[in-house]
Amino acid sequence: MSKAPPAPPSLQELRKEIDAIDEQVHRLLMARGDIIDRLIQVKQTQEVGSAFRPAREASMMRSLVERHRGILPLDTIESIWRVIISTFTYVQAPFSVHADVSVGEPAMRDSARFHFGFVVPYVGHFSAQAAVEAVAKSKGDLALVSAVSSRTPWWSALEAEGAPKIIARLPFLERADHPAALPVFVISRVADDAMVTEVQMWSVRVSGWNADIARALAPLAEIVAVPDTAFDGAALLVSDAGTGFEKIKSALIQAGASVRSSALVGSHATRYTVPPNGSAKP
């Protein structure tokens, strides 16, 4: 005679398991805090400036996607991790997020809160230039500006030696229906070894800019262009994702533009897209 299958666990037993896991999560977060406290002591003697580490954060978010499974939505797990990372970064070295709200205050606020939580102070500005200027006057603050459009060439303020640079592009994980999908650049000062240089950002001024030249460059690089009427041209922010800037420059000239100046103004990680099936691709 076969034995009857074991009875399923009761709701009370399952809730006890959940409570035990919650306690473990909390204890692990406190243990992480203890390590951060020791890290702060080390950094006081070895490091200055912003505690934000774009290379490490991009790598952590990619690893998150690769190991994630189960019924918990990726949106939820990403937002939890963003709050954990950003809060502990803030604890190490307090900073504020300065956001250009001219592109739309609700979308920009959603991006800031999703990626940096509610502990990090949020300061709105009515232009990208004002947000960049605020960061330039700070020790370790961050600026968030649109990565796809602009009314002014705010990136020219990043050309000087010692000026803040573009250090990241958010969201780190791009996918359809992302709750904070607004593409933004993060601008700050960070240590050279904290940068990720997969995509180089160039400030370029050209004469003779027109729609035909823009179309010729489209296959080679992403470009944000602002008219420069004084020289019948444009100020460009060029994203070089591996094409090579010299090749991009040559394409500009061959298309009929004159390159008046160029300067490297930062870099960021390659865009990491998560398709509907959840398998991330760079």
Side-chain angles (χ1 to χ4, degrees), residues 25 29 32-33 36 50-126 128 131-132 134-135 138 140-150 166-188 190 194 196 199 266 268-276 278 280-282:
V25 170
L29 285 174
R32 195 183 198 278
I36 293 296
S50 174
F52 188 71
R53 291 293 175 267
R56 176 167 168 76
E57 293 201 12
S59 176
M60 291 172 70
M61 300 315 296
R62 293 178 183 187
S63 296
L64 189 74
V65 172
E66 291 168 358
R67 69 169 176 260
H68 185 61
R69 61 178 178 79
I71 65 172
L72 188 62
L74 183 59
D75 288 343
T76 301
I77 201 69
E78 183 187 1
S79 65
I80 290 171
W81 246 257
R82 288 305 315 160
V83 169
I84 291 172
I85 294 169
S86 297
T87 301
F88 278 118
T89 300
Y90 178 79
V91 169
Q92 291 179 56
F95 65 94
S96 296
V97 171
H98 299 266
D100 170 24
V101 299
S102 67
V103 297
E105 203 278 339
M108 182 59 81
R109 182 179 288 272
D110 283 349
S111 180
R113 291 310 188 198
F114 182 91
H115 292 101
F116 300 99
F118 286 86
V119 172
V120 178
Y122 171 89
V123 184
H125 298 268
F126 291 109
V132 172
V135 167
S138 74
D141 288 358
L142 308 178
L144 302 183
V145 302
S146 171
V148 294
S149 65
S150 180
I166 295 169
I167 62 171
R169 188 186 194 278
L170 301 177
F172 283 117
L173 307 175
E174 299 190 21
R175 57 191 178 278
D177 301 323
H178 193 291
L182 180 68
V184 297
F185 288 128
V186 182
I187 299 154
S188 187
V190 296
V196 55
V199 179
H268 62 81
T270 302
R271 293 169 64 178
Y272 205 59
T273 303
V274 182
K281 297 180 180 179

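Just so it is clear, the values below take in all heavy atoms, side chains as well, and ignore hydrogens, waters and symmetry mates.
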Salt bridge (Lys or Arg N to Asp or Glu O under 4.0 Å): which pairs involve residues 76-85, sequence neighbours left out? E57-R82, E78-R175

Pairs where residues 88-101 contributes a residue and the test salt bridge (Lys or Arg N to Asp or Glu O under 4.0 Å) is met, not counting sequence neighbours: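 Every candidate salt bridge (Lys or Arg N to Asp or Glu O under 4.0 Å) pair involving residues 88-101 fails, so no pair, neighbours aside, qualifies.
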
Interatomic distance, [X] atom [atom1] to [Y] atom [atom2] [nearest 0.5 angstrom]:
X	Y	atom1	atom2	result
L64	F172	CG	CZ	12.0 Å
T89	I36	OG1	CD1	7.5 Å
L142	I167	CG	CD1	5.5 Å
M61	L74	CE	CG	8.0 Å

How close do [X] and [Y] get, heavy atom to heavy atom, and via which atoms?
X	Y	value
P171	A181	CD-O, 4.2 Å
S79	F114	CB-CE1, 3.4 Å
S86	F116	OG-CA, 3.5 Å
T270	R62	O-NH2, 2.9 Å
F52	A168	CE2-CB, 4.4 Å
A143	A131	CB-O, 3.8 Å

So, do L144 and F185 sit near enough that their side-chain heavy atoms are less than 4.5 Å apart? no

For [X], all residues meeting side chain to side chain contact (heavy atoms under 4.5 Å, CB included), sequence neighbours excluded:
X	answer
P183	A147, V148, R169
F118	R113
I84	L29, R32, I80, F88
A55	V196

Look at the aromatic rings of H178 and H115 and report parallel, tilted or perpendicular, splitting at 30° and 60°. parallel

Side-chain donor or acceptor of S111 paired with backbone N/O of M108 under 3.5 Å: no

Quick one: list whatever passes side chain to side chain donor-acceptor pair (under 3.5 Å) with H98, sequence neighbours left out.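 Listed in chain order: H125, D141.
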
